[in-house]
Amino acid sequence: MEAKEWQTEQERLERVREKLKARIGELEPVVTGLSDQAAEIRRRFWEEVTVNTSTDEEFEETFYTIKQQAAILSERERRHRLLTQQWKNFNQLLPSPYFGRVDFLEDGMNLSEQIYIGVSSFVDEDGMNFLVYDWRTPIASLYYDHSPGAASYITPMGQISGTMELKRQYQIHNGQIRNMFDANLTIGDELLQQMLAKGADSQMKSIVSTIQREQNAIIRNDRSRLLIVQGAAGSGKTSAALQRVAYLLYKNRDSLKADQIVLFSPNPIFNSYVSSVLPELGEENMQQTTLQEYLEYWLGPSLRLEDPFDQIEYVLTAQSTPNYETRLQGIQYKASESFMKALQNYAQWLGREGMLFKAIRFRERDLITAEQMRTQFYSYDPSLSLANRVEQLQKWLLKELSLLERKERKASWVVEELNYLDNELYAEVFGELHKDREVFDIAEHYAVVNEIKSNKRRGDEGDFDFAGREEELLSQRIVKKSFKPLRQTVRKLSFIDAHGLYVQLFGDDAAYREKTKASDVPAMWPEICRQTVEKLDRLELFYEDATPYLYLKELIEGVRTNTEIRHVFVDEGQDYSPFQYEYLKKLFPRARMTVLGDFGQAIFMQSTKLQGDDSPLLRLYGEADTSLIRLVRSYRSTREIVEFTKELLIDESDIVPFERSGPKPLLARFEDRARRDAQLLKDIMSLKADGIDSIAIITKTTAESRQALESLQMQGCEALQLITKETVTYQNGVMVVPVYLAKGIEFDAVLVYDASSEAYGRENERKLLYTACTRAMHRLHLYATGEWSPFVQAVPEHLYVMAT
């Protein structure tokens with residue numbers, strides 16, 4: 001680019017930065033002043049209010065004074081939040097105010113507009129001239145979706161058409177233009193290459209300056225009830241989803257808050273990895289959780305739940321144990337839509353017969369028996385749903401408990417407890433009695449006056465029975481306290497034998513078919529039933545049973561719904577079962593759902609296909625309300641790594657590598673583990689000497705991770721991090737991690753600890769190896785003792801280098 005053009009752009013940049021500095025300087029004292037004002041109002045709030053409620057007029061005056069003070073405080077705090085956010089945004093813009101420019105000539109206009117795009121908007125003093133447009137504004141979509149030539153963008157008022165005369169990109173650092181070039185259809189490869197050439201960070205970064213057209217379609221989709229993103233490994237689907245959250249918060253800032261968006265992530269460490277993206281863009285973080293955390297919240301106190309990582313460890317390591325095939329069939333069936341339908345039919349059967357209840361026991365006797373509850377339950381209108389009849393039964397039980405409580409006050413155990421009461425309860429009752437006595441004396445005074453006037457007063461029949469009232473009140477208190485846990489049991493619906501109802505489902509084969517109308521049960525169903533009941537008898541729950549158990553519980557007790565949540569994001573969406581998707585839909589009935597995943601990385605038994613006519617997701621909201629976007633270009637890894645990894649799969653020829661070169665993957669085979677580990681240690685030292693900071697030694701299982709850690713430490717490798725399912729933060733360095741916990745995260749270099757046929761020989765381990773290899777950005781090494789995995793052997797020899 002010509003020197004004059006460069007100088008013009010640099011001068012413009014400096015003018016914008018000077019204006020930013022001036023605005024920051026203006027805002028700082030105002031922000032500080034408003035903060036001090038709000039603190040002072042809070043401190044002196046009640047000093048400014050005289051509370052007087054002696055008359056209606058004074059009460060009303062007090063009410064409006066408090067309301068006025070609260071309104072002043074609220075206004076100061078709101079203004080402080082607004083200006084503080086502006087101040088933060090301007091400080092964030094200062095080092096690099098913008099990253100792109102579009103010159104757009106609107107149809108019917110004579111002059112084109114220069115549109116500079118950054119992470120937030122900045123308007124000149126007149127309030128009319130945008131010096132920088134927020135990347136989420138409608139006009140900024142020109143930058144992502146079009147090349148020079150005919151172009152248009154959508155506004156709330158309709159489509160604006162015209163001609164893009166220029167599309168320019170910048171790399172600006174500390175107020176200096178480092179790179180600047182004009183781009184064509186996509187965001188320029190030069191910028192992307194430089195961005196991707198950087199090392200992996202301990203936290204994912206914003207990608208707004210490099211958003212591609214297909215990623216922009218994900219970000220700005222606001223029509224679909226369900227948006228499915230099937231993306232190749234490293235295609236930027238998670239990054240685009242996080243920018244989508246920022247876009248939604250910006251576009252709907254008056255009606256959508258960050259806590260109305262929830263992200264279901266694959267593991268706790270992933271939450272730490274993505275936690276910085278939204279704050280970088282000036283937004284609060286959304287709610288982040290895992291499905292396991294939700295299940296444990298509702299089921300954990302009464303049952304010990306297996307988690308998905310223990311389940312996959314079993315699948316990967318227990319091939320030689322008894323009942324292994326039984327468990328695999330059970331996992332697949334319990335994750336299916338067929339099993340969900342079976343549970344629905346089972347609930348209908350329970351509406352006619354078979355409900356199980358737990359007796360309400362008190363002092364080693366049944367106050368209300370399970371049979372009484374069952375009789376009462378089935379006396380209700382059978383056309384009512386199970387949940388409605390349970391609600392009616394709950395009301396009946398509370399009423400029965402009130403009657404029983406009154407009767408219990410005369411019981412002998414109550415009289416005995418009266419002799420052992422503490423002084424505190426006596427004092428409390430004594431105080432109440434004196435209040436009652438005062439009320440009694442006033443009432444008695446007026447009664448006496450009236451009776452004397454009418455010559456009806458005779459004797460002292462109105463004397464207050466202090467001792468009798470004291471014993472009555474104390475008895476009432478004792479029984480009420482004792483009955484309180486019983487009422488809580490009823491309110492929590494603990495009188496329903498949910499555990500027994502789920503166990504009852506796994507009787508003999510004929511009974512199951514009768515209760516559920518199921519026809520396509522697995523061949524090993526009797527063994528599955530026995531295995532499931534044995535687990536339940538220990539008050540434990542397989543991971544594949546957790547969602548069905550909770551689903552059945554809610555069919556009976558009533559569905560728990562969260563109507564506040566407006567958007568649900570599911571990352572690594574291929575790892576959720578059709579059953580779990582149906583459950584999430586019921587749980588968040590008013591939410592739109594965005595599902596991100598890659599079926600090439602479907603490493604769990606219950607995985608769901610995200611695309612194709614047979615995808616269960618198409619039936620979730622219906623095809624009319626569902627959109628599918630495919631991302632086939634991989635940006636994370638070098639071209640050499642992508643070319644190698646896509647050969648590990650069967651039908652992934654459509655994965656397109658980004659043109660960024662690096663060394664070919666290195667394969668090294670050894671006669672024994674000691675030599676393998678010694679070479680691996682040398683390779684780590686060499687990579688670190690090359691300036692590579694983020695290195696992952698990826699193993700197949702947690703057991704192998706611990707073994708690798710111990711072996712490498714014995715070889716002299718220090719400062720190794722072991723990543724487990726309990727790890728909640730991710731830091732750069734050298735780490736040992738099982739492949740299923742590395743999902744969604746990227747590393748500068750990946751060392752696959754064991755890529756032998758013993759580790760990855762079965763077909764269901766193909767995608768596991770692919771997932772491990774696709775974590776690498778710049779370097780990929782595979783090691784083996786013995787024969788290579790058949791999936792590695794199938795890779796053409798020209799795509800890798802064999803160590804000598």
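Only heavy atoms go into these numbers, but all of them, side chains included; no hydrogens, no water, no symmetry mates. Since this is a predicted model, take the numbers as computed values, not measurements.
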Task: From NZ (Lys517) to NZ (Lys515), nearest 0.5 Å - done: 14.5 Å

Open item on the list: Regarding Arg365 and Glu408, does a basic nitrogen lie under 4.0 Å from an acidic carboxylate oxygen?
Closed with: yes

Open item on the list: For the CZ atom of Arg363 and the OG atom of Ser482, what is their distance to the nearest 0.5 Å?
Closed with: 7.0 Å

- [ ] Could you pull out the closest heavy-atom pair between Ser272 and Val728, with the gap in Å?
- [x] CB-O, 3.1 Å

Open item on the list: Is the shortest side-chain heavy-atom distance between Lys585 and Tyr621 below 4.5 Å?
Closed with: yes

TODO: Looking only at non-hydrogen atoms, find the nearest pair between Val570 and Leu584 and report the distance.
DONE: CG2-CD1, 4.1 Å

- [ ] Answer with yes or no whether the side chains of Tyr581 and Glu337 bring together a donor and an acceptor at under 3.5 Å.
- [x] no

Open item on the list: Can you give me the closest heavy-atom contact between Leu741 and Ile269, atom names plus distance?
Closed with: O-CG2, 4.1 Å

Task: Test log, rule side chain to side chain contact (heavy atoms under 4.5 Å, CB included), inputs Ile496 and Leu393 - done: CA-CA 10 Å; Ile496 298 171; Leu393 181 61; over 6 Å; no

TODO: Report the residues that fulfil ring pair (Phe, Tyr, Trp, His ring centres under 6.0 Å) with Tyr333, sequence neighbours left out, ordered by chain and then residue number.
DONE: Phe339, Trp525

Task: Student check: side-chain heavy atoms of His499 and Tyr549 closer than 4.5 Å - done: yes

TODO: May I ask you to check whether Tyr380 and Trp396 place their ring centers less than 6.0 Å from one another?
DONE: no

Open item on the list: Please report the interatomic distance CG(Asp366) to CD(Gln372), rounded to the nearest 0.5 Å.
Closed with: 8.5 Å

Task: Note, Ser265 side chain near Lys743 side chain (heavy atom, < 4.5 Å) - done: no

Determine all donor-acceptor pairs shorter than 3.5 Å in which one atom belongs to a side chain in residues 309-322; sequence neighbours excluded.
unit_1 : atom_1 : unit_2 : atom_2 : d
Asp310 : OD1    : Lys725 : NZ     : 3.0
Asp310 : OD2    : Lys725 : NZ     : 2.9
Gln311 : NE2    : Glu544 : OE1    : 3.0
Glu313 : OE2    : Thr702 : N      : 2.5
Glu313 : OE2    : Thr702 : OG1    : 3.1
Glu313 : OE2    : Tyr740 : OH     : 2.3
Thr317 : OG1    : Glu313 : O      : 2.5
Gln319 : NE2    : Leu316 : O      : 3.1
Thr321 : OG1    : Ala318 : O      : 2.6

Task: Sub-4.5 Å side-chain heavy-atom contact between Leu505 and Tyr512 - done: yes

Open item on the list: Please identify which of these residues, Glu527, Glu534, Glu306, meets the salt bridge (charged side-chain N to carboxylate O under 4.0 Å, His left out) condition with Arg327.
Closed with: Glu306

Hey, can you pull the donor-acceptor pairs under 3.5 Å for the side chains in residues 588-597, sequence neighbours left out?
unit_1 : atom_1 : unit_2 : atom_2 : d
Arg592 : NH1    : Arg223 : O      : 3.0
Arg592 : NH1    : Ser224 : O      : 3.0
Thr594 : OG1    : Arg244 : NE     : 3.2

Task: Approximate separation, where rounding is to 0.5 Å, of Leu295 CG and Asp307 CG - done: 11.0 Å

Open item on the list: Nearest 0.5 Å, please: how far is NZ in Lys586 from CD in Glu582?
Closed with: 7.0 Å

- [ ] For Glu572 and Pro266, indicate whether the former's side chain and the latter's backbone hold a donor-acceptor pair under 3.5 Å.
- [x] no

- [ ] Could you pull out the closest heavy-atom pair between Met605 and Ile331, with the gap in Å?
- [x] CB-CG2, 3.4 Å

Open item on the list: Testing the basics here: between Leu501 and Tyr346, what is the closest heavy-atom pair and its distance to 0.1 Å?
Closed with: O-OH, 2.7 Å

Open item on the list: Does this structure show an ion pair linking Arg560 with Glu554, if we count only N-O contacts that are shorter than 4.0 Å?
Closed with: yes

Open item on the list: Quick one about Asn323 and Gln531 (side-chain donor to acceptor, distance below 3.5 Å, no hydrogens or angles considered), yes or no?
Closed with: no

TODO: Look at the aromatic rings of His567 and Phe569 and report parallel, tilted or perpendicular, splitting at 30° and 60°.
DONE: tilted

- [ ] Taking atom types as modelled, find out whether Lys334 and Thr532 have a side-chain donor-acceptor pair closer than 3.5 angstrom.
- [x] yes

TODO: Would you name the heavy atoms of Asn285 and Ser275 that are closest together and state the gap between them?
DONE: ND2-O, 2.7 Å

Task: Interatomic spacing from CG in Leu350 to CG in Asn345 - rounded to 0.5 Å - done: 11.0 Å

Open item on the list: Regarding Glu726 and Thr724, do their side chains bring together a donor and an acceptor under 3.5 Å, going by distance alone?
Closed with: yes

Task: Under-4.0 Å salt bridge between Asp545 and Lys535 - done: no

Task: Check: Phe483 and Leu367 side chains under 4.5 Å, non-hydrogen atoms - done: yes

TODO: May I ask you to test the Ile565-Leu587 pair for a side-chain heavy-atom distance under 4.5 Å?
DONE: no

Task: CD (Glu284) with more than 12 external heavy atoms under 6.0 Å - done: no

TODO: Kindly indicate whether the side chain of Gln288, heavy atoms from C-beta on, has any atom under 4.5 Å from the side chain of Val274.
DONE: yes

